[in-house]
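A, B, ... follow the sequence lines: proteins, then strands. Residue 1 opens every chain.
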Amino acid sequence: MDKVAVEKKWNKFWQENKVYKFDEKDVDNKYYVLEMFSYPSGAKLHVGHWYNYGLSDSFARYQIMKGKNVFQPMGFDAFGLPAENYAIKTGIHPQDSTLHNIEVMEQQLRNIGAIFDWDHEIKTCLPDYYKWTQWIFCELYKHGLAYRKKAPVNWCPSCNTVLANEQVVDGHCERCDSQVIKKDLTQWFFKITAYADELLSGLDKIDWPEKTKAMQRNWIGKSTGGEITFDLADGSGSFNVFTTRADTLFGCTYVVLAPEHPLVGKITTEEQLAAVQNYCDEVAKTDEIERLSTAKDKTGVFTGAYAINPINGCKVEVWIGDYVLASYGTGAVMGVPSHDARDYKFAVKHGLGINRVIKAASPDVDDSLPYCEYGVMVNSGEFDGMSTEQGRVAVVEKLAAIGKGKLTTNYRLRDWLVSRQRYWGAPIPVIHCPHCGEVLDENLPVMLPYDVEFKPDGTSPLAKHEKFIHDVVCPKCGAKATRDPDTLDTFVCSSWYYLRYVDPKNAEKPFDTELVDKMLPVDKYVGGAEHACMHLLYARFITKALRDMGYLHFDEPFKSLVHQGVILGPDGNRMSKSHGNVVSPDEFVSAYGADVFRCYLAFGFKYTEGGPWNDDGIKAINKWLDRAERYVLAAYGDYASCDEYGVDEKELNRVRHNTIKSVDNDYNEFSFNTAVARMMELVNAMSKYDNKTVKNAKLYRETADDLLKVLCPLAPHFTEELWQQTGHNGSIVVSEFPTYDEKALKTSEIEMLVQFNSRPKTRIMVDTSLTVAQIEKLVLSDVKVQELLGGASVKKVIVIPNRLINIIL
RNA sequence: GCCGAUGUGGCGAAAUAGGCAGACGCAAGGGACUUAAAAUCCCUCGGUGGCAACACCGUGCCGGUUCGAGUCCGGCCAUCGGCACCA
């Protein structure tokens with residue numbers, strides 16, 4: 001078969017006849033398969049795209065054959081930095097390059113032969129989409145979940161924009177790898193922290209890889225403890241510290257405030273003023289990465305002020321130190337050098353007191369200082385003898401009774417910084433009025449102007465567009481006002497696209513609530529693991545926020561998630577231009593066809609693992625499909641036919657049904673490699689059967705039909721062609737997936753292994769209807785076994801039905 | 001440091017529930033057909049020893065539980081991913 005030519009034919013046929021169109025009237029039987037949409041870069045589809053989209057499509061096709069009404073949309077995450085950077089380099093406008101790239105990619109995606117529903121396509125850079133992205137911003141704002149504040153933020157000097165916490169990797173920009181610096185800027189945030197607890201607990205309800213859930217848990221970083229109030233010794237005020245180890249409070253010999261703590265300026269004494277100011281200046285100059293380095297010395301300065309430890313009334317020194325972060329907890333900690341490694345280092349360096357208040361619970365545990373494990377309280381007055389678990393609550397409760405403490409929870413998760421000083425994104429729909437302050441512009445969309453000077457200089461490109469910025473009046477008071485010059489992080493666009501897919505042409509609303517409630521959540525979401533703490537977290541947040549506003553009525557957007565593995569270059573490195581190891585699917589697809597390529601990706605890797613690319617086996621897959629074709633056609637060819645149903649027939653039938661059973665299960669689990677292995681076994685069995693001179697045509701042909709059907713999701717064009725050539729009506733791609741016959745899997749006799757003391761010795765044929773006791777009797781009376789035993793006495797016989805018999809001597 | 005994975009032939013990888021390790025392939029070697037090549041078909045293919053039947057060893061390392069461990073338990077080592085002065 002000329003696979004390439006055949007693929008063109010069927011691809012056209014399916015699309016023209018809308019063979020596997022999602023039936024909008026049968027929503028109750030829907031199955032929503034979604035792959036993370038792609039960024040329309042100038043480069044062609046690479047092997048990774050095929051791996052993700054091609055095999056997810058096989059899963060979707062399998063669901064169709066299992067009778068599901070499958071919805072599998074595709075679109076483009078079209079805003080973003082790369083197009084803008086490309087524009088800066090080449091002068092080609094981002095809109096032009098993006099729309100062109102999308103056209104090219106659409107064609108390439110069609111060539112995979114996937115069932116994408118193009119009527120539901122989304123391009124996030126078009127006004128009819130970003131209008132609703134802006135609408136979401138407005139809704140969040142109205143519900144107090146979007147706000148603007150001045151804060152130290154991550155700034156990428158190369159991309160000339162701020163970044164979200166999630167986009168900073170090891171202190172470097174996720175995109176361009178430049179070192180990120182801290183800047184104090186006024187920026188827009190989404191209050192994702194309001195959902196911290198639900199984002200955490202919701203993880204228990206969803207079928208996601210444990211690894212990914214663990215990463216989100218980690219990222220959210222819940223920690224329970226208490227806030228404890230220290231009064232200043234001179235009575236001029238107080239401050240709180242956060243601790244998870246209130247049981248160590250009696251060991252507190254000093255307290256440390258973050259250098260940015262608002263109290264620092266007020267409490268510093270005359271003598272210490274110069275030192276403190278000097279220290280704060282130094283800290284401000286050091287960049288975040290250096291400051292957060294664990295290896296760094298625990299520097300700090302005494303403020304000259306004293307505070308009172310509320311549990312025992314002891315007077316302790318108040319220091320400042322940059323190991324205390326202003327942005328976590330209360331920006332102040334109690335110093336307990338005896339039971340905290342950092343405090344210990346700090347105390348030793350600055351000559352502060354060390355006072356042990358926890359003993360190891362069991363005497364054989366290393367009890368040296370600092371002792372940071374849980375243990376038993378000592379030197380702690382009435383609390384002596386209490387365990388850490390009890391004490392960390394009891395101490396706070398005692399303080400709460402006198403208004404000096406309360407139990408609290410802290411999260412590592414920070415609010416999501418969404419404004420970007422870049423051009424190619426959705427404009428933030430806010431107008432700044434000299435009288436009313438910030439006012440939402442609900443006259444959407446706020447159009448992104450085309451004629452913009454987007455060369456980066458650290459200010460937003462839109463800020464330099466006179467008309468965009470100034471040609472506006474305040475919606476409230478009508479005064480001359482200005483627009484917000486920033487655009488939204490592209491992760492905002494992608495945080496709700498799975499909702500728009502089901503209702504992409506709705507001009508009245510972002511989506512119809514009733515429809516979305518029926519179509520969501522996504523039943524199977526497939527995409528890379530690298531989005532664990534970004535897109536996958538943001539999407540969950542937006543879903544929950546929209547739910548609380550009443551726009552939808554479910555809690556989680558993605559019921560079940562699968563991460564495909566990464567296909568590396570042949571050298572084992574991540575594919576990249578700089579490594580020069582990028583493998584293009586094109587030459588393989590044009591030589592062997594899309595089905596062969598897809599089957600090869602299916603067979604060559606464990607789906608969730610991926611691995612280095614190697615094209616040695618692709619020829620073998622091509623040969624295998626040729627082999628399958630030969631025997632399918634042979635089954636439908638001329639030969640001496642009979643109704644016989646002997647040993648050979650039973651064996652062929654057994655392999656046939658075993659293949660159906662296994663492959664059915666394998667598709668469900670994205671275990672494409674083993675599915676192909678089982679199908680290869682079936683082809684081998686057919687080849688063996690074909691050697692018979694007289695064959696049972698009914699069985700042979702049914703087997704051929706079943707082979708085509710189980711193979712169909714992985715090789716749709718190939719099987720469709722053979723389906724037609726063997727005289728079937730209708731399209732195989734929408735036929736029913738075969739069911740297996742349990743009876744066919746069972747044979748009347750089975751060969752069992754005989755072991756002596758767990759050592760394999762011989763084999764014996766056993767009737768499968770025998771009981772364990774009968775098998776035991778049979779094996780002991782077997783001539784061969786008798787001979788091997790040579791009269792030795794048998795202590796015990798262990799029979800594992802259908803597998804082995806272990807004789808203990 | 002903490003969290004999560006992973007570790008099996010020359011290679012990609014299999015192994016529902018503790019039961020014949022290496023399914024299914026690739027590569028390699030041998031053979032049939034062929035004037036020859038391609039294609040196709042058949043055989044061998046974890047290691048060591050042996051003519052052989054067979055024996056011993058073998059799933060990162062060391063122990064344990066069990067009639068029986070790739071799988072369970074304890075302790076290590078290595079690689080990869082994530083988090084990290086988070087109080």
Side-chain angles (χ1 to χ4, degrees), chain A residues 169-170 209-223 225-226 228 241-246 248 255-256 258 291-299 321-325 327-336 339-343 345-346 372 410-414 529-530 532-533 566 600 603-606 608-609 611-621 623-624 626-627 630 662 665 669 671 673-684 687 691 751-761 763 795-809:
Chain A
V169 180
D170 277 340
E210 275 310 314
K211 174 175 75 171
T212 308
K213 292 206 258 187
M215 275 162 82
Q216 289 207 354
R217 284 192 191 104
N218 215 312
W219 189 259
I220 295 165
K222 181 177 183 167
S223 87
I228 293 168
V241 302
F242 174 74
T243 180
T244 56
R245 291 293 303 274
T248 66
V255 293
V256 193
R291 177 171 166 185
L292 292 184
S293 154
T294 334
K296 199 174 133 283
D297 249 12
K298 299 284 168 282
T299 61
D322 68 354
Y323 80 96
V324 178
L325 306 176
S327 52
Y328 183 79
T330 59
V333 302
M334 61 188 204
V336 186
H339 304 293
D340 181 281
R342 295 153 302 183
D343 295 345
K345 275 196 194 171
F346 191 84
C372 308
N410 258 308
Y411 297 91
R412 191 171 8 229
L413 183 71
R414 306 295 156 79
E530 67 275 14
C533 295
V566 180
Y600 178 61
F603 185 59
F605 308 85
K606 179 177 173 148
T608 50
E609 300 274 310
W613 172 261
N614 179 323
D615 50 40
D616 280 348
I618 194 159
K619 232 186 227 155
I621 290 289
K623 278 189 201 169
W624 171 63
D626 287 345
R627 228 164 103 79
R630 263 200 315 279
S662 306
N665 191 47
E669 293 176 356
S671 182
N673 55 345
T674 51
V676 173
R678 294 294 87 78
M679 293 185 236
M680 285 174 167
E681 282 170 358
L682 182 53
V683 172
N684 290 345
S687 151
N691 280 333
E751 190 182 59
M752 289 177 74
L753 178 76
V754 179
Q755 300 179 324
F756 287 6
N757 289 336
S758 308
R759 297 265 173 190
K761 282 291 166 192
R763 282 157 198 286
K795 278 197 199 132
K796 194 174 159 193
V797 179
I798 296 162
V799 176
I800 309 296
N802 297 323
R803 294 190 192 272
L804 55 82
I805 301 143
N806 193 3
I807 299 173
I808 311 303
L809 301 174

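- For A:Ser223 and B:A87, the shortest distance from a side-chain N or O to OP1 or OP2 is below 4.0 Å.
- Residue A:Arg803 is classed as a sugar-phosphate contact, given heavy-atom separations below 4.0 Å to backbone atoms only.
- Residue A:Asn673 places at least one side-chain N or O under 4.0 Å from the OP1 or OP2 atom of B:A14.
- At a cut-off of 3.5 angstrom, counting only N and O atoms as typed in the model, there is no donor on one side facing an acceptor on the other between the side-chain of A:Lys619 and the base of B:C26.
- Partner of A:Gln755 under the side-chain contact (heavy atoms from CB on, under 4.5 Å) criterion, out of A:Ile807, A:Leu804, A:Ile798: A:Leu804 alone.
- In this structure, A:Gly221 reaches neither bases nor backbone, as no heavy-atom distance under 4.0 Å exists between it and the strands shown.
- One finds no side-chain N or O of A:Lys211 lying less than 4.0 angstrom from the OP1 or OP2 phosphate oxygen of B:C80.
- Nucleic acid contact class of A:Ile800 (heavy atoms, under 4.0 Å, all strands): base.
- For the C1' atom pair drawn from B:C62 and B:A69, the interatomic distance equals 15 Å after rounding to whole Å.
- Taking side-chain N and O atoms only, A:Arg217 has no distance below 4.0 Å to OP1 or OP2 of B:C83.
- Taking each heavy atom of A:Met752 and A:Ile805 in turn, the nearest pair found is CE-CG1, 3.8 Å.
- Among the heavy atoms of the strands, none lies under 4.0 Å from A:Tyr411.
- Remark: B:U40 base-pairs with B:A32. Criterion, Watson-Crick or G-U wobble with two distances under 3.5 Å.
- The side chain of A:Asn684 contributes an N or O atom lying less than 4.0 Å from OP1 or OP2 of B:G25.
- Remark: B:C56 base-pairs with B:G47. Criterion, Watson-Crick or G-U wobble with two distances under 3.5 Å.
- In the set B:A55, B:C67, B:A87, the nucleotide with an atom closest to the side chain of A:Lys761 is B:A55.
- Look at B:G18: it lacks any Watson-Crick or wobble partner with both distances under 3.5 angstrom.
- Residue A:Leu804 has its side chain nearest to B:G19 when only B:C24, B:C85, B:G19 are considered.
- The separation between A:Glu210 atom CD and B:G81 atom C1' is 16 Å, rounded to whole Å.
- One can find a donor-acceptor pair under 3.5 Å joining the base of B:A23 and the side-chain atoms of A:Arg678.
- Distance noted for atom C1' between B:C83 and B:G46: 40 Å (whole Å).
- Whole-Å rounding puts the A:Trp624 CH2 to B:U40 C1' distance at 18 Å.
- Between the side chain of A:Asp616 and the base of B:C26 there is no donor-acceptor pair of N/O atoms closer than 3.5 Å.
- Within 3.5 Å, a donor on the side chain of A:Arg763 pairs with an acceptor on the base of B:C20, or the reverse.
- In this structure, B:G4 forms a base pair with B:C80, meeting either the Watson-Crick or the G-U wobble geometry with both donor-acceptor distances under 3.5 Å.
- Between B:G25 and A:Arg627, no contact under 4.0 Å exists linking OP1 or OP2 to a side-chain N or O.
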Check the pair A:Asn665, A:Arg678 against side chain to side chain contact (heavy atoms under 4.5 Å, CB included), reporting the backbone distance first and the verdict last. CA-CA 11 Å; A:Asn665 191 47; A:Arg678 294 294 87 78; over 6 Å; no
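- A:Arg414 comes within contact range of at least one nucleobase, with a heavy-atom separation under 4.0 Å.
- Applying the Watson-Crick and G-U wobble criteria (two distances, each under 3.5 Å), B:G12 pairs with B:C24.
- In this structure, B:G9 is classed as syn because its glycosidic torsion stays within 90° of zero.
- Note on A:Lys623: only backbone sugar-phosphate atoms sit closer than 4.0 angstrom, heavy atoms only; bases stay farther off.
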